[in-house]
Enquirer: 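Sharing a structure here in structure tokens format.
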Amino acid sequence: RPLKENLRWRGVVQGSDTVNGDFDLDFFQAELQWQIRNSSTHGWDSALRFDARISEDDVNANQIGVNWSNQFNFAERWQARAILLTAKDLGDRKLSGVLIRTWTQLRYRLLNGSTVALEMFNSYGRTPSFGSYERQKHNIGPLYSGQFSNGLRYNVGMLFGVSHASTEIDFRFFLNKSF
């Protein structure tokens, strides 16, 4: 396959509401994903993603990162995903070391095309010393994904903290649209 068929560009913009009701831009992130294995040839999908983030808030540093994602399809409607994420801070607000995180998901596709999943997010901290389990952030919880009739996809879920440093409960809701 030509290299261009194995590449995908994506831009991510994140913002937040302020107390005044204004919208503040938190960051812009550019991503380039390169699929290095595909399930039809190798039995599973694997990709490297290169990230560059420009932070517009006054708290977070700019970042670059390399992530390794894998997806395994087994049985008819079951799927497992695993991602290793890294981030290196740049600029005035940088912290030392490389931030290491993982995300795993066990997913089941329902007959109507939507999915239910169990996800786990882990943030181990920065190299070279990660600290104890209780100082790291570990969260686990359910997710439901579906699609509206106009093609707009949604994810809704909850994460529960399983380590002391994690928030107790995070409610999550995402919308996305492919063009």
Side-chain angles (χ1 to χ4, degrees), residues 1-17 23-39 42 44-72 79-107 115 117-131 135-141 143 145 152-157 159 161 163 165-167 170-179:
R1 290 172 43 161
L3 185 60
K4 69 180 181 177
E5 290 180 18
N6 296 337
L7 295 176
R8 180 189 77 193
W9 286 97
R10 182 169 74 169
V12 178
V13 177
Q14 178 174 305
S16 55
D17 288 331
F23 178 80
D24 280 347
L25 177 63
D26 293 334
F27 67 80
F28 171 76
Q29 181 166 305
E31 301 173 352
L32 173 62
Q33 182 170 296
W34 173 31
Q35 186 169 351
I36 55 177
R37 293 207 177 277
N38 62 56
S39 58
H42 302 97
W44 86 96
D45 292 306
S46 186
L48 294 173
R49 191 181 83 204
F50 305 91
D51 298 344
R53 177 180 290 191
I54 299 171
S55 292
E56 290 296 320
D57 61 17
D58 293 327
V59 179
N60 297 301
N62 298 328
Q63 292 181 334
I64 56 171
V66 177
N67 309 299
W68 179 36
S69 60
N70 293 278
Q71 178 174 293
F72 305 90
Q79 185 179 78
R81 294 176 172 182
I83 302 176
L84 170 67
L85 302 112
T86 68
K88 173 72 176 154
D89 288 351
L90 304 172
D92 296 337
R93 296 180 299 265
K94 71 180 177 185
L95 298 174
S96 63
V98 175
L99 179 62
I100 306 290
R101 297 171 293 168
T102 58
W103 171 76
T104 54
Q105 182 187 73
L106 181 61
R107 179 179 184 145
T115 60
L118 180 65
E119 298 184 299
M120 184 158 193
F121 291 85
N122 303 287
S123 183
Y124 303 100
R126 295 179 174 278
T127 59
S129 62
F130 293 121
R135 292 186 62 198
Q136 300 170 0
K137 295 179 181 177
H138 302 278
N139 303 79
I140 191 168
L143 174 75
S145 300
L152 186 64
R153 298 198 53 80
Y154 62 89
N155 295 333
V156 62
L159 291 173
S163 63
S166 299
T167 54
D170 286 325
F171 176 73
R172 301 163 40 98
F173 180 73
F174 297 98
L175 294 172
N176 65 58
K177 175 82 172 164
S178 295
F179 299 97

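Scope of the values below: all heavy atoms of this structure, side chains included, with no hydrogens, waters or symmetry mates.
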Enquirer: Taking the side chain as every heavy atom from C-beta outward, state whether Leu7 and Trp9 have any pair of such atoms under 4.5 Å apart.
Expert: no
Enquirer: Return the set of residues passing side chain to side chain contact (heavy atoms under 4.5 Å, CB included) with Phe174 (not counting sequence neighbours), or none when no residue passes.
Expert: Asn155, Arg172
Enquirer: Of all heavy-atom pairs between Gly15 and Asp26, which one has the smallest distance, and what is that distance?
Expert: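 The pair with the smallest heavy-atom distance is C-OD2, 3.5 Å.
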Enquirer: For the pair Gln105 (side chain) and Leu118 (backbone), establish whether a donor and an acceptor sit closer than 3.5 Å, ignoring hydrogens and angles.
Expert: no
Enquirer: Given 3.5 Å as the limit, does a donor-acceptor pair link the side chain of Ser166 with the main chain of His138, or not?
Expert: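 It does hold such a pair.
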Enquirer: How close do Gly161 and Asn139 get, heavy atom to heavy atom, and via which atoms?
Expert: CA-ND2, 3.6 Å
Enquirer: Using only atom types and a distance under 3.5 Å, with no angle test, would you say the side chain of Thr127 pairs donor to acceptor with the backbone of Val98?
Expert: yes
Enquirer: Could you tell me whether the side chain of Asn67 and the main chain of Thr86 form a donor-acceptor pair under 3.5 Å?
Expert: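 Confirmed, Asn67 side chain pairs with Thr86 backbone.
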Enquirer: Going by distance alone, is a donor N or O of one side chain under 3.5 Å from an acceptor N or O of the other, for Gln29 and Glu31?
Expert: yes
Enquirer: Okay, side chain of Asp45, backbone of Gln71: is any donor-acceptor separation there less than 3.5 Å?
Expert: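 Here the side-chain-to-backbone pair does not exist.
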Enquirer: Should the heavy atoms of other residues, nucleotides or ligands under 6.0 Å from CG of Asn176 be counted, would the total exceed 12?
Expert: yes
Enquirer: Is the side chain of Ser55 donor-acceptor paired with the backbone N or O of Ala61 at a distance under 3.5 Å, no angle test?
Expert: yes
Enquirer: Does the plane of the ring in Trp103 sit parallel, tilted or perpendicular to the ring in Phe121? Use 30° and 60° as the thresholds.
Expert: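 The arrangement is tilted - the two ring planes meet at 30° to 60°.
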Enquirer: If you apply the rule salt bridge (Lys or Arg N to Asp or Glu O under 4.0 Å), what do you find for Arg49 with Asp51, and how did you get there?
Expert: CA-CA 6 Å; Arg49 191 181 83 204; Asp51 298 344; 2.7 Å; yes
Enquirer: Would you name the heavy atoms of Gln35 and Ala47 that are closest together and state the gap between them?
Expert: CA-CB, 3.9 Å
Enquirer: Would you find more than 12 non-hydrogen atoms of other residues, nucleotides or ligands less than 6.0 Å from Lys137 atom NZ?
Expert: no
